[in-house]
Novice: 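Please see the structure below; I have some questions.
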Number of protein chains: 2
Amino acid sequence: MGANSRLTIAAHALAWIGLYQRQGHEVATSEQIATSANTNPVVIRRLLGELRRAGLMESRRGVGAGWSLTRELGSITLLDVYEAVDPGPLFAMHRALPDQGCVVGYGIQPALQGIYEGIEETLRHELARVTLENVLRDVLAAPRY
Amino acid sequence: MGANSRLTIAAHALAWIGLYQRQGHEVATSEQIATSANTNPVVIRRLLGELRRAGLMESRRGVGAGWSLTRELGSITLLDVYEAVDPGPLFAMHRALPDQGCVVGYGIQPALQGIYEGIEETLRHELARVTLENVLRDVLAAPRY
DNA sequence: ACCTGTTGCAACCTTTGCTGTTACGACTAA
DNA sequence: TTAGTCGTAACAGCAAAGGTTGCAACAGGT
């Protein structure tokens with residue numbers, strides 16, 4: 001499957017910023033987050049831009065600029081992040097319309113539509129059960145050697 | 001997300017073959033299924049080949065060749081089909097290893113791994129609740145005009 | 001023994017989406 | 001005015017999905 005890492009990187013960034021703010025800093029830069037996630041600052045800015053559009057973040061420009069959270073980590077769920085950065089359905093329909101003269105070709109899309117919607121609703125429910133606070137707790141619980 | 005239509009096309013093919021066999025035919029050809037799904041026979045043969053590897057189908061060659069089910073539609077679930085044609089995780093980790101010297105970079109992958117596994121387990125459970133018999137019933141229940 | 005219809009499979013192309021990178025204007029604190 | 005950071009466009013590289021063509025392998029009918 002064309003699985004991507006957008007949810008992973010976004011969760012990483014949010015956990016990083018949350019921890020950083022807890023340590024007394026006001027804002028975090030895309031450069032700092034990119035270093036931790038081992039990627040390019042522009043990738044981070046693009047993702048955080050989508051989170052800002054969803055109301056989860058705000059950014060300041062100019063000298064001493066950077067990113068900050070608009071809510072506590074405990075009130076942000078993986079569902080909020082998922083919907084912000086990973087839109088679109090889990091399963092795609094046919095690329096070309098099936099043969100509408102065939103009984104199966106005619107009925108398959110409505111049938112699968114209903115089934116897929118139920119499954120995606122369950123997925124959203126699961127994502128909504130995990131907060132970024134939970135994620136950060138698990139992150140800090142990783143054993144160090 | 002890079003959603004693909006493999007599960008959709010495979011379910012379409014299975015429902016088509018199941019109905020066709022119920023009408024007294026022994027085998028179905030990739031040509032017939034491709035016509036119903038409005039795609040190329042080779043695409044169908046590739047997908048059905050993966051279902052055969054999973055033990056859900058068998059194929060005959062030569063004149064009068066084609067595809068047939070090895071089980072009743074009622075004993076095939078969407079999970080069987082999903083695992084046969086759509087392997088790999090739902091969410092990807094970072095492409096490059098995060099900074100292991102950073103607390104978040106160090107703990108993020110184990111943390112997300114555990115969370116993702118739970119979510120995928122729930123997804124599999126949901127897929128397992130739907131049989132191809134259910135799918136075919138819904139297909140035939142589509143209103144005709 | 002040949003002909004015919006179908007699968008099995010390799011090779012290639014196009015499209016799409018994600019990721020990474022460079023570049024540069026916009027903005028703001030000092 | 002300067003310096004540091006965001007905002008965003010543009011482009012390249014890569015991978016996966018889907019479509020297409022071509023052909024060998026196979027098996028039933030004649």
Side-chain angles (χ1 to χ4, degrees), chain A residues 1-10 12-13 17 20 25-35 37-53 57-68 82 84-98, chain B residues 1-10 12-13 17 20 25-35 37-53 57-68 82 84-98:
Chain A
M1 156 161 325
N4 62 42
S5 60
R6 299 167 73 80
L7 181 60
T8 294
I9 302 294
H12 185 144
I17 298 169
Y20 197 60
H25 302 89
E26 291 240 338
V27 296
T29 70
S30 60
E31 175 71 34
Q32 295 171 309
I33 302 164
T35 298
N38 195 9
T39 181
N40 190 291
V42 176
V43 173
I44 299 297
R45 292 206 289 272
R46 280 201 289 240
L47 276 174
L48 295 191
E50 296 177 46
L51 296 182
R52 181 184 47 208
R53 239 167 279 138
M57 313 270 316
E58 52 191 16
S59 61
R60 293 205 300 237
R61 303 173 71 162
V63 173
W67 301 82
S68 54
Y82 177 74
V85 303
D86 231 336
L90 203 51
F91 306 111
M93 284 295 159
H94 311 64
R95 309 185 105 190
L97 191 67
Chain B
M1 157 157 325
N4 62 41
S5 61
R6 300 168 73 81
L7 181 62
T8 294
I9 302 294
H12 185 144
I17 297 169
Y20 196 59
H25 302 90
E26 292 241 337
V27 297
T29 70
S30 60
E31 175 71 35
Q32 296 171 309
I33 301 164
T35 298
N38 195 9
T39 182
N40 191 292
V42 177
V43 174
I44 299 297
R45 291 207 288 271
R46 281 201 287 240
L47 276 174
L48 295 191
E50 297 177 46
L51 296 182
R52 181 185 47 208
R53 240 166 280 137
M57 312 268 319
E58 52 191 16
S59 62
R60 294 205 298 234
R61 303 173 70 161
V63 173
W67 301 82
S68 52
Y82 177 75
V85 303
D86 232 335
L90 205 51
F91 306 111
M93 285 295 159
H94 311 65
R95 308 186 103 188
L97 192 67

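Within every chain, numbering begins at 1; the chains are lettered A, B, ... in the order of the sequence lines, protein sequences first and strands thereafter. Keep in mind the model is a prediction, meaning the values are calculated, not measured.
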Novice: Closest-nucleotide mapping onto DNA chain C: is B:Val42 or A:Gly64 further toward the 5' terminus? I mean the 5' end.
Specialist: B:Val42

Novice: Drop me the distance from A:Ile44's CD1 to A:Glu31's CD, to the nearest 0.5 angstrom.
Specialist: 10.5 Å

Novice: Keeping the roles fixed (side chain from B:Thr29, backbone from B:Gln32), state whether a donor-acceptor pair exists under 3.5 Å.
Specialist: yes

Novice: So, is A:Ser5 close to the C:dT19 phosphate, meaning a side-chain N or O under 4.0 Å from OP1 or OP2?
Specialist: yes

Novice: Per the atom types in the model, does the base of D:dA25 pair as donor or acceptor with the side chain of B:Arg61 at under 3.5 Å?
Specialist: yes

Novice: If you compare every side-chain N and O of A:Ser59 against the phosphate oxygens of D:dG7 (OP1, OP2), does one of them come in below 4.0 Å?
Specialist: yes

Novice: Rounded off to whole Å, could you give me the CD-to-C1' distance for the B:Glu50 and C:dC9 pair?
Specialist: 13 Å

Novice: For B:Ser30 and C:dT7, is the shortest distance between a side-chain N/O and OP1 or OP2 below 4.0 Å?
Specialist: yes

Novice: Would you please classify the geometry between the A:Tyr20 ring and the A:His25 ring as parallel, tilted or perpendicular, with 30° and 60° separating the classes?
Specialist: parallel

Novice: Would you say the base of D:dG7 and the side-chain of A:Arg52 have a donor-acceptor pair closer than 3.5 Å?
Specialist: no

Novice: Would you kindly give the CE-to-P distance between B:Met57 and C:dG8, to the nearest whole Å?
Specialist: 10 Å

Novice: Within this structure, what is the CG-CE distance for the pair A:Leu7 and B:Met93, rounded to the nearest 0.5 Å?
Specialist: 9.5 Å

Novice: Taking the minimum atom-to-atom distance to the side chain of B:Thr39, which one of D:dG7, C:dT7, D:dG19 wins?
Specialist: D:dG19

Novice: Please state how far atom CZ in B:Arg45 lies from atom P in D:dG22, giving the value in whole angstrom units.
Specialist: 14 Å

Novice: Within the structure shown, what part of the strands sits under 4.0 Å from A:Gly49 by heavy-atom distance: base, sugar-phosphate, or nothing?
Specialist: nothing

Novice: Which whole-number value in Å describes the distance from B:Glu26 CD to C:dT7 P?
Specialist: 15 Å

Novice: Among C:dC18, D:dT5, C:dT6, find the nucleotide with the atom closest to the side chain of A:Arg6.
Specialist: C:dC18

Novice: What is the distance, to the nearest angstrom, from the CD1 atom on B:Ile44 to the P atom on C:dT6?
Specialist: 15 Å

Novice: Between the base of D:dG19 and the side chain of B:Arg46, is there a donor and acceptor pair under 3.5 angstrom?
Specialist: yes

Novice: Expressed as a whole number of angstroms, how long is the span from A:Ile33:CD1 to D:dC6:C1'?
Specialist: 12 Å

Novice: Rounded off to whole Å, could you give me the CG-to-P distance for the A:Asn40 and D:dG7 pair?
Specialist: 15 Å

Novice: Return the nearest nucleotide to the side chain of B:Val63; candidates are C:dT7, D:dG28, D:dG22.
Specialist: D:dG28

Novice: Would the base of D:dG18 count as contacting A:Arg95 through its side chain, where contact means a donor and an acceptor less than 3.5 Å apart?
Specialist: no

Novice: With no hydrogens and no angle check, is any side-chain donor or acceptor of A:Thr8 less than 3.5 Å from a backbone partner on B:Ala92?
Specialist: yes

Novice: Whole Å only: how far is the CG atom of B:Asn4 from the P atom of D:dA15?
Specialist: 18 Å

